[in-house]
Each structure stands twice: as C-alpha cells, then as structure tokens.
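Inspection log for the structure reproduced underneath, given as structure tokens.
The figures here come from the full heavy-atom set of this structure, side chains too, leaving out hydrogens, waters and symmetry mates. Read the numbers this way: they start at 1 and go in the same order the structure lists the ligands and their atoms.
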Amino acid sequence: MTIGVEIEIRQLEAEEVLSRLREVAELWPDASRARIDEIVPRHVTREGFRFLGAFAERRLAGFVYGYRGSAGQWWHDRVAAALGREGSKRWLPPGHFEFTELHVREEFRRRGIGGSLHDAVLDGIDAPTAVLSTQTDNHPAISLYAGRGWRVIVPFLDFGSGRPFLIMGKDLG
Ligand SMILES: CC(C)(COP(=O)(O)OP(=O)(O)OC[C@H]1O[C@@H](n2cnc3c(N)ncnc32)[C@H](O)[C@@H]1OP(=O)(O)O)[C@@H](O)C(=O)NCCC(=O)NCCS
C-alpha cells in the first residue's frame, strides 16, 4: 500500500506486541499506560488472539487486534447481559471474534489504513460472527464499520464509565 510513504501491514506475535507497548500507548490516548500494561498482556494470551500493525518505515502508524470471546470475560458478560438470551445465541456463539481495538495515528488517518487493518484482521478467520463496542458519538468509527457490513445490535450500553457505547455485530460465515 502506498500513501505518500510506504505502509506495510503485517501480523505481530504476542512477544512483539508486548515489546511495542510504548508505541501502542501513543496511538491509544483514551487508555492510560497503566491500563494498557494491565490489559494487553492479558489479551495476548486469549484464544485466537490476532494483532496486525500498519508500519510507516519502522514506525507503528496503526494497529488492530481481537480474539475469540467467551463467557467469564468482563466485556463478553456485559454484552451478553445487554443482548439477552436470544441475542447472545445469535451474536456470541462459540468461536465468535471480539474485534477489540482499532487505532490509527492521527497524522495517518483518512488514507485507508483503518479500513485496511479492519479487513486484514478479519481476513480468513474461522469465526461465525464478530462483535465490537464503540462510543455512540464516534462517527468516524461507526461510519467505517457500517460501510463494512456491521450493524448496531445494542444501541446503548454504559460499561460503567458513564460514557455511552453501542455494540455492533457482523456475520462472517
Ligand atoms: C476510526 C479510525 C480507526 C479510522 O481510521 P482511518 O485510517 O482514518 O480510516 P480510513 O481512512 O481507512 O477510512 C475508512 C472509512 O472510515 C470512515 N471514516 C474515517 N474517518 C472519518 C471521519 N473523520 N468522518 C467520517 N467518516 C470517517 C469512512 O467511512 C471511511 O470510508 P471512506 O474512506 O470511503 O470515506 C481512526 O479515526 C481512529 O484511529 N480513531 C480513533 C480511535 C478509534 O476511535 N477507534 C475505533 C474505536 S472502536
């Protein structure tokens, strides 16, 4: 992919992700470094963990990651409660993919990197559905997802921060 500078998208193994947490934190300003240091090492061990980075030369310009969700995980259980029994069967079947984070460094936005990372992380995965949460006022993200086949499956969910989120789902089968 060429956007003025050459962008390379590639998958990173857990060890490389952990060695690049400083850069990950630069791209993820709404989470503190302490929180990133706490959650990412936990997420890299989850089944189906898949992390892709977009590199401009050697610098991380964007990243995306997710894993297989399952009962007992904090995010999963809150979304399952909001979806109810039928909704959970539909959107959180065994093996579903939790599309956890997608971030592009500000100066690299609107050049197709976010869309490319989105497509790459889902490409070829063996999962019936994918689910994600985003803030109800995050128009760039909602527009990206809506244009790629996601739909709103829970219009409002407060995870406890007081900031309203919505949940989107996408069929992958
Ligand atoms: C959301 C985000 C990842 C998009 O990355 P990006 O590289 O700018 O996205 P792309 O250039 O690939 O754009 C893909 C689509 O996203 C949508 N989009 C991106 N930026 C947008 C904006 N500012 N306003 C409206 N739509 C926007 C458009 O639908 C766009 O499609 P188009 O290019 O055909 O118009 C980026 O804005 C970001 O990192 N935001 C902060 C972190 C975040 O909110 N992550 C998502 C949390 S779930």
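Judged as a ring-ring contact (aromatic ring centres under 6.0 Å, His included), and not counting sequence neighbours, the contacts of H43 are Y65, Y67.
Ion pairing between a basic and an acidic side chain is recognised when a charged N comes within 4.0 Å of a carboxylate O; R59 and E23 show no such pairing.
Taking a heavy-atom cut-off of under 4.0 Å, ligand 1 is surrounded by L102, H103, V104, R109, R110, R111, G112, I113, G114, G115, S133, T134, N138, P140, A141, S143, L144, Y145.
At least one side-chain heavy atom of L102 sits under 4.5 Å from a side-chain heavy atom of Y145.
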> When you look at R163 and D158, which way does the salt bridge (charged side-chain N to carboxylate O under 4.0 Å, His left out) test go after all the steps?
Replying inline: CA-CA 6 Å; R163 227 176 142 192; D158 180 356; over 6 Å; no
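Of the inter-residue distances, the one linking R50 atom CZ with L122 atom CG reads 8.0 Å to the nearest 0.5 angstrom.
Checked by atom type and distance alone, the side chain of E101 never pairs as donor or acceptor with a backbone atom of V64 at under 3.5 Å.
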